[in-house]
Amino acid sequence: MIDPRLLRAEPHLFRDSQSRRGADDSIVDRFLELDASRRAAQQQFEELRAQQKKLGKQIGPARGAEKRGELTEDQQAELTQWLSEAEELSVRVKEAESKAVDLEPQVAAAANEIENLVDFEAPVGTEADFQTLFEVGTPRDFESEGFTPRDHLELGEILGAIDTDRAAKVSGSRFFYLTGDGALLELALLNLAMSFATSNGFTPVIPPALVRPPAMAGTGFLGQAEENVYRLEADDLYLVGTAEVPLAAYHSDEILDAADLPQRYVGFSPCFRREAGSHGRDTRGIIRVHQFDKVEMFSFCDPDQAVAEHQRLLSWEREFLDLLDVPYRVIDVATGDLGASAARKYDIEAWIPTQGRYREVTSTSNCTTFQSRRLNIRMRGDSGSTQPLATLNGTLIAMPRVIVALLENHQAADGSVAIPKALQPFLGGREHLVPT
RNA sequence: GGAGAUGUCGCCUAGUCUGGUUUAUGGCGCCCGCCUGCUAAGCGGGUUGAGGUUUUAAGACCUCUCGAGGGUUCAAAUCCCUCCAUCUCCGCCA
């Protein structure tokens, strides 16, 4: 949800933001019109309501006196007069109220369509217009090493670590089993990630993966992203696509003390994605799947600190990926490719040898006050007044894609895979995964 | 899943049966001030949140807010309905 006061004061900002996203900017003026008429109707209602309450305050004591038989004839007549006035007023109050109430959903719908104000520093354009910020590490030259690299699925099968055939039998396409060392590898990555995050001051959380509609709507996943969300019809619950959802909603309807900010959480959860609209893409292996596990960082902070906090999340992502010793690049995502909630987004893409290109493994977004307005999360500052705070999220590790990157980048000609040093303690000190 | 109870402005609490004279009572905590060698105690005041109107500003005023949403009524914390949550007991269950 955007800031309605800011929009009324400076609508040009929002028109500009919408067009940078390649989104409809006429919605801004539609909102302004609806908002103005709703406020006029609201005022009308409030005025009538004030009259009604005033009259009610006269009727109350008079009724009491009447019951005790203390009213003079004149007072009795006055009371009768008041009652008939009140009756008539009541009708007008109801009319005015329903007029105002009827406009509310329209105003809300218009407000909902306006996406978060983009960071005007973000590169403008569509998906391909990202800007590369860093490239770290050098892709291995397998040719000079004298062998052709196997892709992650082939390696996974040799190692007895990944089984997509049986997953297809049991659950359909885009599912997988992690077996043997594959299962142990995920657990090791999980433990490495959790110890990394907690040593950096994050509060570890294992959140629910099923949430009610307000949590989903509040985080901005029920707009154009809705088709990718699983919904459980019988219970009106959603399967989350990321721990961002239950972590953001954790403090909904709360007022946090500014002195306690930033509050940083790291959540581990399964993630469910319908992958509607991506038929035929990444059908092989475990790059694009319906269910996977992820460790997600989430921060509630002062809006003035949000840009700096975003940089911190990005550095933690990089630091963690450095531990895994995989070549990667960092990109500043273009405005047209931002989610509705995000003002700015950085993706980290790891090098995938058999594809000869970088693929997204983490993503961090600054949602400024967009989510906190929807979820009603506020902070109380020194002035004593409340204001919306900023929310930011960042992937620490998305299991399947990191497993893909590890297997492919660290493979040897014999099909074994070297385990990065930092991960070894979490795999019983082993240095390699070997074919079974 | 069955039966019962409960939900009041940070926490506790009065008010609900019997609708109006309630700007929702009181206590704790917190904030400001007074008093006092210091501290404690005492005294006075303030203390839910949201939206809006107005003002240079401080402020002033109005509406909404008693778990949520509907309804009845001239008038709802109070009466009725639906939903949500919590607690106790029973059943089932990892």
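Values reported hereafter were calculated over all heavy atoms of this structure, with side chains retained and with hydrogens, waters and symmetry mates removed. Quick note on labels: first sequence line is chain A, next is B, and so on, each numbered from 1.
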Seminar exercise, completed: The correct set of residues in residues 92-104 of chain A placing a heavy atom under 4.0 Å from RNA chain B is A:K94
For this session: Starting at the 5' end of nucleotides 51-65 of chain B, put B wherever the base has a protein heavy atom under 4.0 Å, S where only the sugar-phosphate does, and a dash everywhere else.
Result: BSS--------BBS-
For this session: Can you sort out the partners of A:R374 under side chain to side chain donor-acceptor pair (under 3.5 Å), two or more places apart, ordered by chain and number?
Result: A:N112
Exercise. Which residues satisfy the side chain to side chain donor-acceptor pair (under 3.5 Å) test with A:D151, sequence neighbours excluded?
Worked result: A:R284
Problem set entry | Partner residues of A:Y250 under the side-chain contact (heavy atoms from CB on, under 4.5 Å) criterion, sequence neighbours left out | A:Y265
Seminar exercise, completed: By side-chain contact (heavy atoms from CB on, under 4.5 Å), A:D260 pairs with (sequence neighbours left out) A:D257, A:Q263
Exercise. Which nucleotides of nucleotides 82-87 of chain B have their base under 4.0 Å from a protein heavy atom (B), which only their sugar-phosphate (S), and which neither (-), written as one string 5' to 3'?
Worked result: --SS--
For this session: Answer yes if the ring centres of A:F300 and A:F298 are under 6.0 angstrom apart, and no otherwise.
Result: yes
For this session: Sticking with atom P, work out how far B:rA5 lies from B:rC79, rounded to a whole angstrom.
Result: 14 Å
Exercise. Could you state the CG-P distance from A:D257 to B:rC30, rounded to the nearest angstrom?
Worked result: 15 Å
Can you check nucleotides 16-21 of chain B for protein contacts, nitrogen or oxygen pairs under 3.5 Å, and list what you find?
from   : atom 1 : to    : atom 2 : distance (Å)
B:rG20 : O6     : A:R63 : NH1    : 2.7

Exercise. A:E85 near the nucleic acid: base, sugar-phosphate alone, or nothing, with a heavy-atom cut-off under 4.0 Å?
Worked result: nothing
Problem set entry | All salt bridge (charged side-chain N to carboxylate O under 4.0 Å, His left out) counterparts of A:D253, not counting sequence neighbours | none
For this session: Quick one: which residue pairs count as a salt bridge (Lys or Arg N to Asp or Glu O under 4.0 Å) with a foot in residues 100-119 of chain A, not counting sequence neighbours?
Result: A:R21-A:E115, A:D119-A:R344
Seminar exercise, completed: With sequence neighbours left out, the residues meeting side chain to side chain donor-acceptor pair (under 3.5 Å) with A:T335 are none
Problem set entry | C1' atoms of B:rG46 and B:rA57, separation to the nearest Å | 22 Å
Exercise. Are the side chains of A:E317 and A:L314 in touch, meaning some heavy atoms are under 4.5 Å apart?
Worked result: yes
For this session: Toss me the dot-bracket line for RNA chain B: Watson-Crick and G-U wobble, both under 3.5 Å, 5' to 3', using | for pairs to another strand and [ ] for crossers.
Result: ((((((((.[[[..)....(.....]]]((((((.......)))))).((((((....))))))..[[[[[..)....]]]]])))))))....
For this session: Flag the pair A:R281 and A:E275 as a salt bridge only when some basic side-chain nitrogen lies within less than 4.0 angstrom of an acidic carboxylate oxygen.
Result: no
